[in-house]
Every structure is written in structure tokens, then in C-alpha cells.
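Structure, as C-alpha cells:
Note that these values count all heavy atoms, side chains included, but never hydrogens, waters or copies made by symmetry. A quick note: this is a predicted structure, and the numbers were derived from the prediction, not measured.
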Amino acid sequence: MRRFHRLFAPVALAAWLASAPLANAATDNLMVNGSLSGAIGNSSVPMGWQILLNSPDVMDAANNAGVAGLQFFGAAPEASPDGGTWVGLGARTGSYMEEFGQWVDNLVIGQTYSLSWVAGNFGYSRGSVNYVDSNAIRVNLDGSLLGTGNTLNLGSQWQAETLSFVATTTRQQVSFQLANYNNAYLSIDGIRLAAVSPVPEPGSLALALLGLGALAWRARQRQQA
């Protein structure tokens, strides 16, 4: 029986470690309302987000530029892979740029996070007003460039994009705008922020260390017996 317990203890601890609760942000989106769900609106953003520059819009495949019933797309958009509404971001040659974002809390300093979204370039075209140039989504972290997605030409499809960063504080601002001042109007949806790998909760880590310490103590006892 003593031999059974000696053999069972490491196996039991290994099983416990495998099932111990993890603060695995990969299963939880840290962005509030990453689906960008809300009412159609010109110069507005959905709940959980704030306008940082000029006038982004809440729209869907039937309502362009945040105006109900407006169908002046440069290319007829597909429905978003995330469903529902999304945000439109415009830029104009010279100095006009739109930007929106939110503050993210409860980050773990030193943890790598993956930021993903889907983007489309459906544009806006009405008479002599044409925002149909190529452009890309630019991501800012605390107001500074984190990176950009791929340059998108005018078209009907969405494209999945992703960037990563290492948290430097527990609270950081993530925001989105276009990468340059071409006359363009891009759409973004399905924004997701998650930890790249699981981080043990403090309580679970402490218990694991205690368990390993107990195993080491029992090994020394067997050697002395």
C-alpha cells in the first residue's frame, strides 16, 4: 500500500496541475463590445468605444456611412463574418482622419497579447465624391503606432488581420484609424484581444509550488529510509 501511494502521488499532482484553473485570456475577449454591435449612426461608435478623431460611423451592409438606407458603396459589401453592425473609418487627402478606440484594463505586465479583427474596403462613392482608394487599418497603442494590417483594394470581401504586443502596464488604450491620407473609407469589425498563452492564477501557482515541495520532501524521506 505504501508503494501504491508513492507511485500515485506524482500522478495525482500531475493530474491536478493539468486541471488547475488558469487565467487563460485566450478564451475571453478583453475588448468591450468587440463585435461593434449598436444602432446605425453617422458620427457615432457603439457602446464601449469612444471617438478619438473626427466622425467614425456605425453601419452594416444596407446602410453606408452610418446613414439609414444609404447605398453608395464603392463595392457592395458582404455581411460581416462577425455579424451585425461594424464601424466605418474614413480619411481624406491632406489632413482628415477618423479614429476610435477604448481603454483595456486588467492586462498582465509582460504578457503577450494577440489583437485581431476583420477589415474590408467597400468605400463610398456618390457623384464626384469618391472614397475608394486603397488603404489599411492602422492600430495605435497608447497613441503610438503598433502596426498596420494589409493594404486593401476596393472590393466586397472581408479580410482577417492580427497583430501582437507585450503589455507594459495594466491599462492601455487600443485605437484604430487608417494608415494614410488616401481618399478611402474602410470598415472594421470582430475586434478581439486575448492573451497568447495561459497565465496561472496566483492561488493555483502557489498550490502547485506547495505540491512540488511536498514531493521533494517525500523523495528525501525515502532516500533517508
Checklist entry - Excluding sequence neighbours, so at least two apart, what forms salt bridge (charged side-chain N to carboxylate O under 4.0 Å, His left out) with Arg126? => result none
Next on the checklist: Could you tell me if the side chain of Val58 sits less than 4.5 Å from the side chain of Leu36, heavy atoms only?
Outcome noted: no
Item to check | Donor-acceptor side-chain pairing of Asp142 and Gln172 below 3.5 angstrom | outcome: yes
Checklist outcome for this item: The side-chain hydrogen bond (donor to acceptor under 3.5 Å, both in side chains) partners of Gln177 (sequence neighbours excluded) come to Asn140
Checklist entry - Taking atom CD1 of Ile137 and atom CD1 of Ile188, what is their separation to the nearest 0.5 Å? => result 4.5 Å
Checklist entry - Shared ILVMFWY cluster between Phe72 and Leu154, side chains joined below 4.5 angstrom? => result no
Next on the checklist: Looking at Ala65, is its backbone amide N or carbonyl O close enough to the side chain of Asn42 to form a donor-acceptor pair, meaning the two atoms are under 3.5 Å apart?
Outcome noted: yes
Next on the checklist: Going by the rule side-chain hydrogen bond (donor to acceptor under 3.5 Å, both in side chains), which residues pair with Asn130 if we only count those two or more places apart in sequence or in a different chain?
Outcome noted: Ser125
Next on the checklist: Angle between ring planes, Trp86 versus Phe122, binned at 30° and 60°: parallel, tilted or perpendicular?
Outcome noted: tilted
Checklist entry - Pro46 and Val87: which non-hydrogen atoms are nearest, and at how many Å? => result CD-CG2, 3.7 Å
Item to check | Inter-residue atom distance Glu161.CD - Leu152.CG, 0.5 Å rounding | outcome: 5.5 Å
Checklist entry - Do side-chain atoms of Thr162 reach the backbone of Leu115 as a donor and acceptor pair under 3.5 angstrom? => result yes
Checklist entry - Do Ile191 and Trp49 touch side chain to side chain, with heavy atoms closer than 4.5 Å? => result yes
Checklist entry - Going by distance alone, is a donor N or O of one side chain under 3.5 Å from an acceptor N or O of the other, for Asp57 and Tyr185? => result yes
